[in-house]
Amino acid sequence: MLMFNLILFGPPGSGKGTQSEKLVEKYGLVHLSTGNLLREEIANRTPLGLEAKNFIDKGQLVPDEVVIGMIGSCLDHHKKASGFLFDGFPRTTAQAQALDKLLALKKTEIALVLFLEVSEEELVNRLLNRGKTSGRSDDTNETVIHQRFTVYKNETAPIADHYKKLKKFQAIKGEGSVEEIFASLCQAIDKRMKALAS
Ligand code: AMP
């Protein structure tokens, strides 16, 4: 069976986590969020979690080899998956290249990259609001939030070009109600699935 692998792309606070939960339910994909996986490691006080916390608390990226290793073992654990939804990964060129290689080993590839477009002002408001209830230390400090945006612009945003060249990249308006945004995402996915099936 053909796998459908999706990347939900966008800056911190663009709604990747919220929309991912709805999308994996609708399409039966396996949700791979490196942020969630790292927070689980921190909660379990593993050596990996303790190392990652130093970076996360400063708004910096966790080293490539750590997150690539996590994704590699998750892909191995889900041999029968009908597809994966990558949320918060890849975030650097090295991660994007590693993902291509890992998927090629499974004789599959990325089908579509959906980019949630949200203004920076709205992003800061969303993150500060989320910080009030999420308990996420990286969402409460405005300096850390701005550092995460800088990292996003310098290291993550440029990898969009890789997927644009492959004609796999599509921007979606990420402002509006959760349901409106979800409907736009579903429309793009359904169209791509149809094109791949024909
Ligand atoms: P997120 O929940 O996706 O916003 O991730 C929270 C934090 O975890 C980020 O600010 C990074 O410090 C770290 N992180 C998550 N995913 C990655 C990744 N793919 N590469 C490097 N660091 C990551």
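Order of listing sets the numbers, starting from 1, for every ligand and every atom in it.
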Distance under 4.0 Å to a non-hydrogen atom of [X]: what atoms of ligand 1 satisfy this?
X	value
Gly88	16 (N), 17 (C), 18 (C), 19 (N)
Gln60	11 (C), 12 (O)
Arg136	1 (P), 2 (O), 4 (O), 6 (C)
Arg148	4 (O), 10 (O)

Which one of Lys58, Lys16, Arg91 has a non-hydrogen atom at the shortest distance from atom 3 (O) of ligand 1?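 Residue with the shortest heavy-atom distance to the ligand atom: Arg91.
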
Would you tell me which option among Thr92, Asn36, Ile56 has the nearest heavy-atom contact to atom 8 (O) of ligand 1? Ile56

Between His78 and Phe84, what is the ring plane arrangement, given parallel below 30°, perpendicular above 60°, and tilted in between? perpendicular

Parallel, tilted or perpendicular: which one describes the rings of Phe89 and Phe86, with boundaries at 30° and 60°? tilted

Is it true that [X] and [Y] make a salt bridge, defined as a side-chain N closer than 4.0 Å to a carboxylate O?
X	Y	answer
Arg130	Asp139	yes
Lys53	Glu41	no
Arg126	Glu175	no

Under 3.5 Å, N or O to N or O, is [X] touching ligand 1 that way?
X	answer
Phe55	no
Gln95	yes
Val62	yes

Phe9 pairs by side-chain contact (heavy atoms from CB on, under 4.5 Å) with which of Ile159, Asp87, Ile172, Leu116? Ile159

Report the C-alpha separation of Lys153 and Glu120 in whole Å, then their side-chain angles, then the decisive distance to 0.1 Å, and conclude whether the salt bridge (charged side-chain N to carboxylate O under 4.0 Å, His left out) test is met. CA-CA 11 Å; Lys153 279 179 200 153; Glu120 187 156 327; 3.1 Å; yes

Does the ring of Phe182 carry Lys22 above it, NZ/CZ under 6.0 angstrom from centre and within 45° of its axis?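 Yes - Lys22 lies over the ring of Phe182, closer than 6.0 Å to its centre and within 45° of its axis.
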
Considering heavy atoms of the protein only, find what lies nearest to atom 16 (N) of ligand 1 and give residue, atom and distance to 0.1 Å.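 The closest one turns out to be Thr34 OG1, 2.8 Å.
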
Just heavy atoms, cut-off under 4.0 Å: does Leu38 contact ligand 1 by side chain, backbone, both, or neither? side chain

